[in-house]
Protein chains: 2
Amino acid sequence: MKIHVLGGNTSKFGELWDTSPRELGRQTMKKALQSAGIEARGIDALFVGNMLSGIFGNQENLGAFYAEELGVQVPAFRLEAACASGGLALHSAVNALLAGIYETVMVLGIEKMTDHQQDVVSSALMAAGSDEERQTGITFPGLYALLTQAYMQEYGMTEADLAAVAVKNHYHGSHNPNAQFRFPVTVEQVLLSAKVADPLKLLDCSPISDGASAVILSTKKHKSKVEIIASTMATDTLSLSDRSSFTSLGAVVRAAAKAYKAAGIQPKDVDVAEIHDCFSIAEVIASEDLGFSKKGHGALDIASGKRTLGSGEVILNSSGGLKACGHPVGATGVKQMVEIMEQLQGKAGDRQVHKAKVGLTHNVAGSGSQAVIHILKGSI
Amino acid sequence: MKIHVLGGNTSKFGELWDTSPRELGRQTMKKALQSAGIEARGIDALFVGNMLSGIFGNQENLGAFYAEELGVQVPAFRLEAACASGGLALHSAVNALLAGIYETVMVLGIEKMTDHQQDVVSSALMAAGSDEERQTGITFPGLYALLTQAYMQEYGMTEADLAAVAVKNHYHGSHNPNAQFRFPVTVEQVLLSAKVADPLKLLDCSPISDGASAVILSTKKHKSKVEIIASTMATDTLSLSDRSSFTSLGAVVRAAAKAYKAAGIQPKDVDVAEIHDCFSIAEVIASEDLGFSKKGHGALDIASGKRTLGSGEVILNSSGGLKACGHPVGATGVKQMVEIMEQLQGKAGDRQVHKAKVGLTHNVAGSGSQAVIHILKGSI
C-alpha cells in the first residue's frame, strides 16, 4: 500500500509570544490543508505529537483539543515520545493507514516552549530522561557533552571539527524563511561562544523554540509526487550508563537498518536528510549511524563541505536543522517531513537540493532512547 | 484478522504510596506476561496509556521508560487522551496489529494520582477540558453536575434514582479484591454524603486513585478464548457549551454505532459491560447511549436491579466501575478490558456474570470529548 504525502506546512519557528498554542495549531493545519488542496472534512483522523503541553500549559487531551481547531469530529490521537513526539505521531499515522482504517490523515506536531524561563524549560526537558540521570542534576547539554567527550577521545575529533556542524546548519538556516536563526556563523564564532557543558558551546546547542508543523498523508491516489517508503522506530535504554557504546546510538542503528531494508535502498541513495542535531555531536554520530559517513569521519565530512547545499553528495539539514531552524520538540519530527516533501517536490526555494529524489528524516528522543526514521521518495 | 486477548493483569487500585510508578508498571506487566504464559521477549511493541505523569511526576518519554522496565527494546508508544488514555492505547495497539506490523503487543495503562493534594489533582485533571471551561473555574464534578441537572429536568430522575448507580457499583466492588472501596453503601448513605457539586454528592463521584493494568494482544493463534471484535473511537467538542445535547454524549453514540456494526451485534447481545462511571450520571447516560436502556430509563433500570450481578440482563461494571474499583485515569481503559477478559474466561470469581459470552468496554475523556469502545467475544 502506498502512503502519499499530499501536502504540509511549517510555521515560523522562534519566539512566538503573541500566538497561543491553539491559534498556532489552527493556522498551521489550515495552511497544510491548502498545501494539499483538500478541505478539513477530507481528514479521517488526526495524530498530534507534543511533549510539554501538560507540564507547561496544563493542557492535555490534545487530540480532541486540536480536532476541535481543525473543525472535524474524527478519531484523534495524541502521541508522546519526548523530542521524537512528532516522529512517533507520523509513525502511528502511517501504521493506521497501513491498517486500512483511514484513507487520509493529518499529523500535527506542536510545541510552545519560550513562554517559560530557560532553566524551567531545561528542567522540564529532563522529563525525557531517567530517574538516575535526573538525580545527578545533569541536563541534556551535559548528557550530550559526555557523548562528545567520548567521541573526541575515541576518534580524535577537535572542537573546530565539531563546530562545522553549526556553521553548515546556520548557513542552511540563513536560506530558510521559517528558521529561528537566519544568519551564518563562523567556526571562530562557535569556538568563542559561551561554554554550556564542556566541550559543547552555546552555538553547538539547538535553541528553545515555539513552532508547529502539519502534514497530510493518504493512501488515496493523488497528484502528489511524494511517498513514504519506510517508517520505522526503535528503542534503547533511557540512561546513557546502561548503553554499550557512547559513540553510536543503538536505537538509530536498528531503526535505520529496518528502514533501509523496507525501502530497498542504501544510504548512498539518499539525496537529502533531516537529522536530529539537538547538539552538534548528535548530527556527527547520526551521519555515521545512518551510513552516510564512516565511523570517526562524520565531523570531517561535514567540515569538508560534503554535507552542504551544492556539494552533490547527501545534504544534511537543508532546513537549518534543529540548531538554526529551531527545535520546538513536538514539532521537529513533522517539520523534518515537510522539509523533505518540499525538497522532493522541487519547492525548497533557495535551499533546493539539486535533483533530490530520495530523502530521509531522523528524529530522536532524549539521549537516544527512541529513534524514528522515515524514508521518502519523489517521482519528479 | 483476529485479535486475541492472551492475558492481562490489574494491580490493586487505591492509595499506593509505597510503590513508585516504575515499580507499579513493572509488577503489573510481569503479572500480565504470567497470565498470558509468555516471556517479555515475545512482545513486539509496547503501548502506554497515561495522562498525568508529566504534570505530576515530570516524567515523559513513557514508551521508552516502561519498555526499559519490561526489559525489551521494542517500539514503544505513549498515548494520551485524558481519562481515555488507556482506551486510546488499546485502540492504537489494535490498529497496529491490524496493519500487520506486529504480532503480539502489550498495552499498559498507568496513573499515580494520590501523592498530591486533592485540589491539585482536581485542577490538574482540568487539563482534559477547554480553555473556556477552565476560565470559569469549573472542575469536572461541576461539569457533570450540569449534565445531571439537565437530565433531571428532562426526564424527572430523582437524586435517589441516581444514587442506585453508586449502590450497585459499591456492591460489585465489594466482591473485587483489587477495588479501592470494598464495602457496600445504601441509597441513604449516598443521599446523605457531602455535596460536591449540586446535585452530585461525594458518593456519586469516582475517587482519586493509583493503579495500573496491562493486557497482551496478539494476532497469533493461541489457546486464549477471548477476542476483540470491535475497536472504535469518536471525538466531540471539548466544551459542553458547544454541544447540541446535555443528556447524551455524541462521541459515545458515534463510537457505539461503529462498534456494533463492526462486531455485527446488537446492544441486547452484550452480557457484561464496563462503563466509564466517573460520576453516577455518566453511567446513566452511557447505559442509554450504548443502547442498553431507553432514553430516560437508565437510572430506573439500574435502581430496579437489572444491571446488578445475578439479574440475567446486561451487567454494568462488575468490577465496581470507576466509583468503587477506583479511577487511576490512564489505567481505567485497560482495567476495563482485563475485567471483561476475566468475565469471558469465566475467571471473575465472586463477580462472575453467568454464561458471559459478549462484553463491552466504554472509556471516555473529559466530559465526552472522546470515547473509545471495545467489544470482546469469548468462546467458552
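So that the names make sense, note that chain A is the first sequence line, chain B the second, and so on, each numbered from 1. Just so it is clear, the values below take in all heavy atoms, side chains as well, and ignore hydrogens, waters and symmetry mates.
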Between A:His374 and A:His362, does the ring centroid distance fall short of 6.0 Å? no
Out of A:Pro75, A:Cys83, A:Ala127, return the one with the most heavy atom pairs under 4.5 angstrom to chain B. A:Ala127
Under 3.5 Å, is there a donor-acceptor pair between the side chain of A:Asn50 and the main chain of A:Ile110? yes
Shorter than 4.5 Å, heavy atoms on both sides: which option in B:Gly100, B:Ala96, B:Ser20, B:Ala124 has the most such pairs with chain A? B:Ala124
Portion of B:Phe47 that has a non-hydrogen atom of chain A nearer than 4.5 angstrom: neither
With chain A, which of B:Leu97, B:Leu125, B:Thr237 has the greatest number of heavy-atom pairs at distances under 4.5 Å? B:Thr237
Pick whichever of A:Asp131, A:Leu46, A:Leu62, A:Leu98 has the most heavy-atom pairs under 4.5 Å with chain B. A:Asp131
Within the 3.5 Å criterion, strictly below it, is a donor on B:His327 or B:Thr332 matched to an acceptor on the partner's side chain? yes
Whether B:Arg22 and A:Glu132 form a salt bridge (side-chain N of Lys/Arg under 4.0 Å from carboxylate O of Asp/Glu) is what I want to check. yes
May I ask you to decide if B:His4's main-chain N or O and B:Lys220's side chain share a donor-acceptor pair within less than 3.5 Å? no
Selection from A:His91, A:Gln59, A:Met233 maximising heavy-atom pairs under 4.5 Å formed with chain B: A:Gln59
If you tally heavy-atom pairs under 4.5 Å against chain B, which of A:Ala82, A:Ala76, A:Ser92 wins? A:Ala76
Non-hydrogen atoms of chain B under 4.5 Å away: do they reach the side chain of A:Ala67, the backbone, both or neither? side chain
Largest heavy-atom contact set with chain B, pairs under 4.5 Å, which of A:Asp242, A:Ile55, A:Leu52: A:Ile55
Please report the C-alpha distance between A:Leu240 and A:Glu133 in whole Å, then the side-chain angles of each, then the deciding distance to 0.1 Å, and finally whether the side-chain contact (heavy atoms from CB on, under 4.5 Å) criterion is met. CA-CA 8 Å; A:Leu240 285 187; A:Glu133 285 172 344; 3.8 Å; yes
Please state whether the side chain, the backbone, both or neither of B:Glu68 comes within less than 4.5 Å of a heavy atom of chain A. side chain
Any side-chain to backbone donor/acceptor pair from B:Glu111 onto B:Pro328? Under 3.5 Å, distance only. no
Look at A:Met1, A:Met51, A:Arg134 and state which one has the largest set of heavy-atom pairs under 4.5 Å with chain B. A:Arg134
A:Asp210 side chain vs A:Met113 backbone, donor-acceptor pair below 3.5 Å: yes
Where does A:Ile101 contact chain B at under 4.5 Å (heavy atoms): side chain, backbone, both or neither? side chain
